[in-house]
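Only this structure's heavy atoms are used, side chains among them; waters, hydrogens and symmetry mates stay out. Letters A, B, ... mirror the listed sequences (proteins, then strands); counts begin at 1.
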Amino acid sequence: MSLPPLVEPADELTVEEVRRYSRHLIIPDVGMDGQKRLKNAKVLVVGAGGLGSPALLYLAAAGVGTLGIIDFDVVDESNLQRQVIHGQSDVGRSKAESARDSIREINPLVEVVLHEERLDTDNVFRIFEPYDLIVDGTDNFATRYLVNDACVLLGKPYVWGSIYRFDGQASVFWAEHGPCYRCLYPEPPPPGMVPSCAEGGVLGVLCASIGSIQVNEAIKLLAGFGDPLVGRLMIYDALEMNYRSVKVRKDPECPLCGKNPTITELIDYEAFCGTISQEAQDAAAGSTITAGELKEMMDRGEDFYLVDVREKNEYEIVNIPGAVLIPKGEFLNGEAFAKLPQDKKIVLHCKSGARSAEALAALKGAGFANAVHVGGGVLAWVNQIDPSLPTY
Amino acid sequence: MDVIVNGERRDLAPGTTVADLVRSLTDATGGVAVAVNDEVVPKAAWSGTPVSAEDRVDVLTAVQGG
């Protein structure tokens, strides 16, 4: 399937532009016409993180005329392993500004528009409206469904990619010509089921493998050549080293882009994706202590049993003194309970408080009524009690 | 009958549907997509889609990282 170009060509290329883009211009499929279309194109990249870094760098180098960047975050040291648009001297700076500065160095002819705000249902239409297509580099399900739904409702192509450890997936969702994200994944996984990269890790270079597919597809759509990745899902396995694609058809029953849509406006995405489950919220209510309170309990010599519910390799990076490792999965399948003392107060913690809340719900369900968890997890411990320890 | 599930051969009872197969692998069906012979079967059609001998079935999990 080929599709007509998304963008009309600019009137002309300057002498400087002809010199810069010469390796594109001599490819017959791109040529002057394709490069003029890129010059006129407006692309929005959601998130200047793992996928956003290579996406922005290559879109800029390719001569996409206007690049929008949405990011409200600041550069953290732990980003530098994969977010190659940022450098050492950018730690602590706004990601959007850091990305803009890198783009200026790569291609000063690109106009960069910054949106330093958290994407939500109130601003998404206003932010998306001027752009020809949206490239997604967000790191959570709630924002992915928000971006998909906004793109369908606005009729814009959504160049999607997602990554975890050694696995990547990419596709172009465009309801006018094929399926949307909901046709593939109608609902997100239950909260806590699929770890984020912050919890499970990601091979840094995977961002380039998937981000470059996204750029490739964006350029093809803008200039109108090749077979776009509409109606196909690319699956990349970096351990086996293979790329394959499977067909995805538009689902006639899709609640958003199907024949009888039931979703006709934006919804509450935090609730839809249940960032933290209702059971965990209920369990944590009134049973959450701070890192400072944990320290006081230790200093008073209180008799309690501290359990770290993260994974073994996370425990090896940093841990709270005296904590025993029992991963969350053992709470969910019940194996953990036999390992716990019946006569002591149980205190759970994880990295930031979400997984320990899930484990706490299971623990309370098993009869450990006075168990608590540490809000903010080991990160709060490091920040408030012992900043000499590393974070991740 | 033999079916190849995520690259591994498995013996399934004749008449097994995509929905049965997914249930045998996971309790949670949210965030799961299934491709049979390189074509995704929409979730609404899982229970009405039987798997045949020598089919190649890929059960995919949504990931959120970016």
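In this structure, A:R244 places its CZ atom where more than 12 heavy-atom neighbours from other residues, nucleotides or ligands lie under 6.0 Å away. Residue A:Y58 qualifies as open at atom OH: its count of foreign heavy atoms under 6.0 Å is 12 or below. Within a 6.0 Å sphere centred on CG of A:N260, other residues, nucleotides and ligands contribute 12 heavy atoms or fewer.
In this structure, the portion of A:P186 lying under 4.5 Å from any heavy atom of chain B is its side chain and not its backbone. The part of B:A35 that comes within reach of chain A is its side chain, from C-beta onward, which places non-hydrogen atoms under 4.5 angstrom from that chain. Only the side chain of A:I235 comes within contact range of chain B, with heavy atoms under 4.5 Å apart. Using a 4.5 Å cut-off between heavy atoms, B:V32 touches chain A through its backbone atoms (N, CA, C, O) alone. Neither the backbone nor the side chain of A:L206 comes within contact range of chain B; no heavy atoms are under 4.5 Å apart. For chain B, the nearby parts of A:S196 are the backbone and the side chain; heavy atoms of each come within less than 4.5 Å. Heavy-atom distances place the side chain of B:D58, and not its backbone, under 4.5 Å from chain A. If you measure heavy-atom distances from A:V202 to chain B, you find no contacts under 4.5 Å at all.
With respect to B:K43 and A:D251, no salt bridge is recorded, no charged nitrogen being found less than 4.0 Å from a carboxylate O.
The shortest heavy-atom contact between A:Y185 and B:L60 is OH-CB, 3.9 Å.
By number of non-hydrogen pairs under 4.5 angstrom with chain B, the leading residue of A:D139, A:L51, A:V246, A:I163 is A:I163. Among A:R165, A:Q169, A:E253, A:Q83, the residue with the largest count of heavy-atom pairs under 4.5 Å with chain B is A:Q169. Of the residues considered (B:A44, B:A45, B:A33), B:A33 shows the highest number of contacts with chain A, using heavy-atom pairs under 4.5 Å.
A heavy-atom distance below 4.5 Å is not found between the side chains of B:V63 and A:D167.
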